[in-house]
Amino acid sequence: MKLLHEAQDDDPILSVVNLIDIFLVVIAALLITVAQNPLMNPFSQRDVTVITDPGKPSMEMVVKKGEKIERYKASGAIGSGDGEKAGVAYRMKDGAIVYVPEGGS
């Protein structure tokens with residue numbers, strides 16, 4: 001009886017089978033991770049926006065539209081740019097926001 005058990009311990013195919021099982025588990029975990037991540041999922045046609053560190057100088061925004069992924073980094077400047085005032089927005093007591101355009105021609 002003891003000779004039968006020793007023959008199984010020396011079989012090199014058993015270690016290969018164990019390695020294949022480990023690789024299958026790792027591949028399954030990677031596939032689940034990719035399926036749950038909205039930016040990496042190649043089958044998702046939804047538009048996704050991810051913002052990291054909001055409101056901090058290291059803020060970064062990643063926008064995925066279809067298959068195109070764009071990355072925007074915060075410059076640290078607040079409210080910079082060219083433009084003109086278009087109107088005023090007021091928050092009412094009930095939480096509604098009312099926009100009043102500038103009086104012009």
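Keep in mind the model is a prediction, meaning the values are calculated, not measured.
Side chain of T52 to backbone of M59: no donor-acceptor contact under 3.5 angstrom is found.
Applying the side-chain contact (heavy atoms from CB on, under 4.5 Å) test to I97 and every residue at least two apart in sequence or in another chain returns A89, R91.
To the nearest 0.5 Å, atoms OH (Y72) and OG1 (T49) are separated by 9.0 Å.
Between K64 and V62, every side-chain heavy-atom pair lies at or beyond the 4.5 Å cut-off.
I27 and L19 sit in two unconnected hydrophobic clusters of ILVMFWY residues. Membership requires side-chain heavy atoms under 4.5 Å apart, directly or through other members. Under a hydrophobic clustering in which Ile, Leu, Val, Met, Phe, Trp and Tyr are joined whenever their side-chain heavy atoms come within less than 4.5 Å, directly or via other members, L30 and F23 fall into different clusters. Under the 4.5 Å side-chain heavy-atom criterion for grouping Ile, Leu, Val, Met, Phe, Trp and Tyr, M92 is connected to V100 within one hydrophobic cluster.
No more than 12 heavy atoms of other residues, nucleotides or ligands shown are found within 6.0 angstrom of OH on Y90.
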Inset, instruction - Any chance you could lay out the side chain to side chain contact (heavy atoms under 4.5 Å, CB included) test for E102 and V88, step after step, and finish with the verdict? - result: CA-CA 7 Å; E102 283 286 318; V88 180; 4.1 Å; yes
Legend entry - M61/R71 under side chain to side chain contact (heavy atoms under 4.5 Å, CB included): CA gap, chis, key distance, verdict: CA-CA 6 Å; M61 189 167 70; R71 227 175 246 273; over 6 Å; no
